[in-house]
Amino acid sequence: MKFFIDTANLAQIKEAQELGVLDGVTTNPSLMAKEGIKGAANIKKHYVDICNIVTGDVSAEVIGTEFSEMVKEGEELAALHKQIVVKVPMIRDGVKAIKYFTEKGIRTNCTLVFSAGQALLAAKAGATYVSPFIGRLDDVSTDGLRLIDDIRIIYDNYGYETQILAASVRHPMHIIDCAKLGADVATCPLSAIVALLNHPLTDKGVAQFLADA
Ligand code: G3P
């Protein structure tokens, strides 16, 4: 299972990279705004800065919601760096844009996916990644993990190569459950990745070994 970090915070990206388990980065307009990155030029520079920290894929989201806008933005983003994956929302023109990018050899991440039907459309359009938002489904009393399970079954039934990128991951059990269900990637806050380290028996064992040594 691949681990992506879901942030635009360069310090956190560096910390995850240094841990040695990071496979990529996802961002979105809200995460860029949280870091105070504004304006097209600054946003593009920030994507390049992220690519220079990590070795894996970096998702960069388009803002436009019409086909022509998404194509223009996506082509500009993809030209920034070979690690960029163009993140496109699951809307009608988004599906058309994903198909367009697929035919051009530009990799995509279909975002804001909340149903198995949407995930099937994303795969048919050739998306490299599909991003089901499990935490936001949990927030509205709907089982986010069930969606991961459904998508895994559907993709395996037909051999779709689109990778399931579990998003809106909130805590370490989300990561573990996604791994059990066969998600290809989990994109997580740094806190959820680091929380996987924790076990009181490990702490107790280390303390005992140190004392005995
Ligand atoms: O990758 C999508 C993610 O950023 C959404 O997470 O916590 O805003 O639901 P959240």
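No hydrogens, no waters, no symmetry mates; every other heavy atom, side chains included, goes into these values. Counting starts at 1 for both ligands and their atoms, following the listed order. Everything quoted here is computed from the prediction, not taken from an experiment. Here, residue 1 is the first one in the sequence, and each next residue gets the next number.
- Shown in contact with A167 at under 4.0 Å from a heavy atom are these atoms of ligand 1, numbered in order with element: 1 (O), 2 (C).
- Interatomic distance, Q118 CD to S131 OG, rounded to the nearest 0.5 Å: 12.0 Å.
- Rounding to the nearest 0.5 Å gives a distance of 12.5 Å between CD1 of I43 and CD of E35.
- Using a 4.0 Å cut-off to heavy atoms of F133, the atoms of ligand 1 that qualify are 2 (C), 5 (C).
- By the criterion of a heavy-atom distance under 4.0 Å, the side chain of N28, and not its backbone, is placed next to ligand 1.
- Counting the atoms of ligand 1 from 1 in the order shown, those under 4.0 Å from a heavy atom of R170 are 7 (O), 9 (O), 10 (P).
- Ion pairing of D184 with K2 is absent here, as no side-chain N (NZ or NE/NH1/NH2) approaches a carboxylate O to less than 4.0 Å.
- Using a 4.0 Å cut-off between charged nitrogen and carboxylate oxygen, D139 and R170 count as a salt-bridge pair.
- Among all non-hydrogen protein atoms, the one lying nearest atom 6 (O) of ligand 1 is S168 CA, 3.4 Å.
- At the shortest separation from atom 8 (O) of ligand 1 among protein heavy atoms lies R136 NH2, 2.8 Å.
- Regarding atom 4 (O) of ligand 1, its nearest protein heavy-atom neighbour is D6 OD2, 2.6 Å.
- For the pair K14 and D49, the salt-bridge criterion is not met [side-chain N within less than 4.0 Å of a carboxylate O].
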